[in-house]
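In the text below, chain A, chain B and the rest are named by the order of the sequence lines, each starting its count at 1. Here the structure is a predicted model, which means the values were calculated and not measured.
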There are 2 protein chains.
Amino acid sequence: MAQQWLDDDQQRTWRSWLTVAELLPRTLDAQLQRDAGISHAAYVVLAMLSESPDRSRRMSDLARRANQSQSRLSHTIARLEERGWVRRERAAEDGRGNRAVLTDAGWDVVRAAAPGHAAAVRDALFASMTSEQTRVVGEALDAVLERLDPDRSLRVEYDGPEGQSSE
Amino acid sequence: MAQQWLDDDQQRTWRSWLTVAELLPRTLDAQLQRDAGISHAAYVVLAMLSESPDRSRRMSDLARRANQSQSRLSHTIARLEERGWVRRERAAEDGRGNRAVLTDAGWDVVRAAAPGHAAAVRDALFASMTSEQTRVVGEALDAVLERLDPDRSLRVEYDGPEGQSSE
DNA sequence: TGTGCTCACTTGACACTGCAAGCGAAGCTC
DNA sequence: GAGCTTCGCTTGCAGTGTCAAGTGAGCACA
């Protein structure tokens, strides 16, 4: 058992990964919870909807883009619906499907939350990294993704924390 | 709202981060759950104990090193205790404190789980990165940590997935 | 038209986590 | 040594996530 399963650099990187992966979401969740009263997962969903045509998307499409399982998204949307920020509509094109639609109230919530959240991301993550590091980390993560999920069944595809709108 | 809050590289890196941070834990959790019947958080606790003097640690120390809040660790240990893998002892040096002690059964579980988990980490993460990327990512994460948690109140400090023992 | 499959989602039970409150032991301070 | 405060930990509860089973609409084929 004295055998090394990871080399020294890998071990260091692994430990640091574990810690950041614990701390960073906690930090961002706390900020969003405090300032907007929502979780990060819910924010991503709202932000994604705010950037979609008609501010709406099919559930399954939204799930893939927001990196959530269908079941999880269903729960997330249910909670957002209770608060009046999203509503569900039967999909016109396929009676089995649902579309999640961002309400005006939901729109206001995203708009209000976006700048603070963007600032938090910059402050917590990118303020500490050089542009070179940012680039290399991005490339490395993409390589990891390529192997972890070759057919891109999940992939975050919204334009970032700023919630850029189509306006 | 056309304003860019993150530059292009940052946005790409952020999206990739979000996806990997979702997928990687899910992958590792699934592997551990399938092969050893425990969560990753529980594994880290067991591994840490297995490397500690007398296979035991004070709760607060363990919490810090395993990257968990005290409350969370208390729950985790309670669950491990139910399964007979850990037991609690009043700390001799301070009557307020507890020590978590790894039982023989717990020891066997870690030993059995370690190689498979190490392989999963290598396969899921490091197999996709060059050694240069591994190094740079590690440095970048450390820089992030330095800012996120300057006084190192949390810090993963076990020797990696292989659960290197002192034998 | 009816039977049976698949698809898109939803639902319910259960596990894990954070937060806030609680509890007893230690450590003052007088 | 009585009364406070602090410390180390635990507990209960609410929120969020997963997994497996359920529901009802489409679709294929006789």
Below 4.0 Å from chain A heavy atoms, what is the first contacting nucleotide of DNA chain D and what is the last? D:dT16 to D:dG26
Establish, from distance only, whether the side-chain atoms of A:S56 and A:R99 form a donor-acceptor pair under 3.5 Å. yes
Please examine the side chains of B:F126 and A:T13, heavy atoms only from C-beta on, and report whether any two atoms are closer than 4.5 Å. yes
Over 60° means perpendicular and under 30° means parallel, so classify the ring planes of B:H40 and A:W14, tilted if in between. perpendicular
So, are A:E132 and A:R135 salt-bridged, with charged N and O less than 4.0 Å apart? yes
Rounded off to whole Å, could you give me the CG-to-P distance for the B:N67 and C:dT17 pair? 12 Å
Could you run down nucleotides 6-16 of chain C 5' to 3' and tag each one B, S or - for protein heavy-atom contact under 4.0 Å? -BSBBBB---S
Report yes or no: do B:V101 and B:V86 belong to one cluster of Ile/Leu/Val/Met/Phe/Trp/Tyr joined by side chain heavy-atom distances under 4.5 Å? no
Under the salt bridge (Lys or Arg N to Asp or Glu O under 4.0 Å) test, residues paired with A:D29 that sit two or more places apart: none
Taking NZ, NE, NH1 and NH2 as the nitrogens, is one of them in A:D8 or A:R12 under 4.0 Å from a carboxylate oxygen of the other? no
Donor on one side chain, acceptor on other, A:D35 and A:Q31, under 3.5 Å: yes
